[in-house]
Amino acid sequence: MDLERLLTDRLTPAFTAVAGEPVAPVVRRSSRADFQSDAALALARRLGRPPREIAGAVLDRAVLDDVCAAVEVSGPGFVNLTIADDALAAMVAALAGDDRLGVPVAADPETVVVDYSGPNVAKEMHVGHLRSTVIGDAAVRLLGWLGHRVVRVNHLGDWGTPFGMLIAHLVDLGEAGAAQELSIGDLDGFYRAARSKFDADPEFRARARQQVVALQGGDQEARRLWRLLVAQSQRYFLTVYRLLDVTLTEDDFRGESAYDDRLGTVVADLDRLGLLTDSAGATCAFPPGFTGRDGAPLPLIVRKGDGGYGYPATDLAALRLRTGELGATRLLYVVGLPQRQHFAMVFAVAGQAGWLGPQARAEHLGFGSVLGPDGRMLRSRAGESVKLVDLLTEAVTRATALARTKNPELDEASAAEIGRVVGIGAIKYADLSTDRTRDYVLDWERMLALDGNTAPYLQYAYARTRAVSRRAGTQVGADARIVLGEPAERALAFELLGFAAVVDEVARTAEFHHLAGYLHRLATRFSAFYERCPVLRADGELRASRLLLTELTGRTLRQGLHLLGIRTVERM
Ligand code: ARG
């Protein structure tokens with residue numbers, strides 16, 4: 001158990017007895033002692049007693065001798081707690097002997113559907129899809145590690161009216177030509193060419209319309225051409241996933257088309273529940289609480305005037321399948337913030353229909369934009385949106401060059417490997433280490449810096465722990481006695497004990513920047529420890545203890561980075 005919680009558990013009954021009412025003594029790390037609670041200050045006014053007196057009474061009652069070496073009232077009425085070295089050492093030793101680094105498997109495993117990545121067929125993935133893929137991948141890893149049953153869903157945009165023009169364009173190019181164009185990953189070129197013909201040429205437009213009708217009517221030939229487009233695009237997306245080193249596979253594609261035959265039922269059922277109204281020819285839901293600027297209720301269009309279904313109907317059908325048939329109790333949608341209202345309305349309607357509720361919750365994990373150095377939306381020099389593969393390739397190239405400059409003796413293969421791990425890690429970490437609801441600037445210098453809150457800094461810290469272990473020669477047993485004397489040693493120990501709490505928090509909130517911040521703090525503490533506490537030059541018990549702390553730090557860094565989808569190397 002983490003120390004904040006342990007101390008809170010010990011102080012709560014004492015505070016509650018003194019106050020005569022339930023009190024939550026917020027226990028925090030403190031620079032004055034190891035931990036501090038300022039709950040007495042907040043209570044003073046309510047109880048009409050001086051805070052120091054309250055704090056004193058609490059300390060008289062609280063059972064702390066087995067954990068604390070010193071307890072005192074300080075300043076205006078803080079409770080200061082200093083953890084006993086042997087208690088701290090015992091906790092660290094328990095951690096060292098635990099494969100899971102103190103992180104328990106979930107007591108009530110859930111079925112969690114994570115909807116992420118979701119690129120669109122015959123369209124380039126953009127940085128928004130990058131963010132979704134990276135954040136979703138981290139969610140999948142973390143929840144899976146905690147023992148939840150995680151279902152990955154790649155809600156591919158593979159259906160709808162644009163496919164008429166895409167198929168018509170494919171027919172014009174000939175299958176071989178189209179396949180060639182798509183396989184080199186020039187999806188945007190393909191899409192743009194189709195679009196401009198559609199805009200300029202009425203004859204093409206007519207053919208495009210016929211193709212949509214044929215496709216939706218189940219025409220064999222139209223379906224075959226459509227499948228070709230989908231397959232080529234999927235193949236391309238998979239190369240991006242491989243480069244990005246994420247867990248998405250081809251089995252995870254569950255495109256919008258997969259729900260096509262359910263849309264009618266979904267709308268009919270919503271109608272039966274009295275949730276639908278005709279509005280200007282379209283069939284709409286008006287979930288309570290959603291109004292436009294003019295105060296009028298906002299519609300969620302479930303069937304368009306022409307009888308077609310769109311994005312909202314598909315999401316309703318997908319949601320119903322996930323909670324109803326897959327038995328999911330938690331749904332995560334990793335999609336950019338511009339779609340916030342869409343998801344809020346879909347969830348509201350699903351709630352009215354009983355497809356969501358206390359038994360199954362849905363969360364939109366929205367995220368901000370990636371900005372260029374000029375603080376505007378990231379664009380290529382030609383002013384187009386940046387191609388994802390180019391971005392990834394540039395990261396790897398830069399990281400490889402950097403690895404070579406830092407270490408000229410590196411052989412080609414190692415430099416390439418380090419470049420890949422560090423370059424991709426840096427991109428992912430830059431994303432995951434900022435509050436996901438905020439925009440962030442893609443700044444190569446900063447994200448590849450060897451110091452600061454960056455992937456390379458953490459990967460380097462990990463490699464350093466490995467180097468120390470290698471040089472020590474002997475394997476330290478996980479049963480080595482932990483000796484804690486130096487402040488830097490204790491600070492490292494406290495940080496190591498905090499891993500479980502941060503993992504637990506992130507599992508609830510999907511705010512991965514807290515895990516990133518934790519790992520950065522841990523690496524910083526390790527660095528201070530390493531500077532002040534000789535490891536290899538220490539003797540006997542102290543040496544073994546410090547080696548164990550070093551290894552435990554390495555394991556925690558590696559596991560934490562792994563949960564973020566970031567790899568490590570043994571040497572850098
Ligand atoms: N294809 C969509 C886009 O590019 C993202 C899909 C998100 N998932 C969903 N269930 N709507 O914006």
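Inspection of the D390 and T393 side chains reveals no N or O donor paired with an N or O acceptor under 3.5 Å. Q559 and H562 share no donor-acceptor pair across their side chains, judged by distance under 3.5 Å alone. Residues T329 and E110 bring a donor and an acceptor atom of their side chains to less than 3.5 Å of each other. Side-chain atoms of R149 and T111 include a donor-acceptor pair closer than 3.5 Å. One side chain, S117 or Y241, offers a donor N or O that lies under 3.5 Å from an acceptor on the other. D34 and T82 are not linked by any side-chain donor-acceptor pair at a separation below 3.5 angstrom, with hydrogens and angles left out of the test.
Scored by the ring pair (Phe, Tyr, Trp, His ring centres under 6.0 Å) test, Y518 finds F499 as partners (sequence neighbours excluded).
Remark: R61 CZ is loosely packed, at most 12 non-hydrogen atoms of other residues, nucleotides or ligands lying under 6.0 Å away. At most 12 heavy atoms of other shown residues, nucleotides or ligands fall within 6.0 angstrom of atom CZ in R537. Within a 6.0 Å radius of CG in D411, other residues, nucleotides and ligands contribute more than 12 heavy atoms. Heavy atoms of other residues, nucleotides or ligands lying less than 6.0 angstrom from CD of E250 number 12 at most.
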Between side-chain atoms of residues 420-433 and protein atoms elsewhere (two or more places apart, or another chain), which donor-acceptor pairs fall under 3.5 Å?
| from | atom 1 | to | atom 2 | distance (Å) |
| --- | --- | --- | --- | --- |
| R420 | NH2 | E417 | OE1 | 2.7 |
| K428 | NZ | L244 | O | 2.9 |
| K428 | NZ | D245 | O | 3.0 |
| K428 | NZ | G565 | O | 2.7 |
| Y429 | OH | N453 | OD1 | 2.5 |
| Y429 | OH | A516 | O | 3.0 |
| D431 | OD1 | R131 | NE | 3.1 |
| D431 | OD1 | R131 | NH2 | 3.1 |
| D431 | OD2 | R131 | NE | 3.1 |
| D431 | OD2 | Y440 | OH | 3.1 |
| S433 | OG | Y429 | O | 2.6 |

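Closest non-hydrogen pair, A106 versus P109, comes out as O-CD, 3.9 Å. The minimum heavy-atom distance between R490 and L484, with the atom names listed, is CG-CB, 4.3 Å. Closest heavy-atom contact between E4 and R29: OE2-CG, 3.8 Å. For the pair A96 and L552, the tightest heavy-atom approach, listed with the atom from each and the gap, is CA-CD1, 3.9 Å. Summarising the geometry of A44 relative to P51, their closest heavy-atom pair is CB-CD, 3.6 Å, with the distance given to 0.1 Å. For A507 against L143, the heavy-atom pair with the smallest separation is O-CD2, 4.0 Å.
Ring centers of Y333 and F347: under 6.0 Å apart, within the cut-off.
A salt bridge links D2 with R5: at least one charged nitrogen is closer than 4.0 Å to a carboxylate oxygen. Taking a cutoff of 4.0 Å between a charged side-chain nitrogen and a carboxylate oxygen, R546 and E541 do not qualify as a salt bridge. For the pair E489 and R532, the salt-bridge criterion is not met [side-chain N within less than 4.0 Å of a carboxylate O].
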Please step through salt bridge (charged side-chain N to carboxylate O under 4.0 Å, His left out) for the pair D66 and R10, ending with a clear verdict. CA-CA 11 Å; D66 56 331; R10 299 300 183 85; 2.9 Å; yes
Salt bridge (charged side-chain N to carboxylate O under 4.0 Å, His left out), that's the test. Do R152 and D251 meet it? Break it down for me. CA-CA 9 Å; R152 298 184 293 251; D251 297 334; over 6 Å; no
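Counting only residues at least two apart or in different chains, ring-ring contact (aromatic ring centres under 6.0 Å, His included) contacts with residues 18-76 comprise F35-F494.
A donor-acceptor pair is defined here as one N or O able to donate and one able to accept, closer than 3.5 Å; no such pair exists between the side chain of D38 and the backbone of F78. A donor-acceptor distance shorter than 3.5 angstrom exists from the side chain of R436 to the backbone of A510, with no hydrogens or angles considered.
Each of V150, V112, V114 was compared with R330 under the side-chain contact (heavy atoms from CB on, under 4.5 Å) criterion, and only V112 meets it.
Between Y116 and I135 the shortest side-chain heavy-atom distance does not fall below 4.5 Å.
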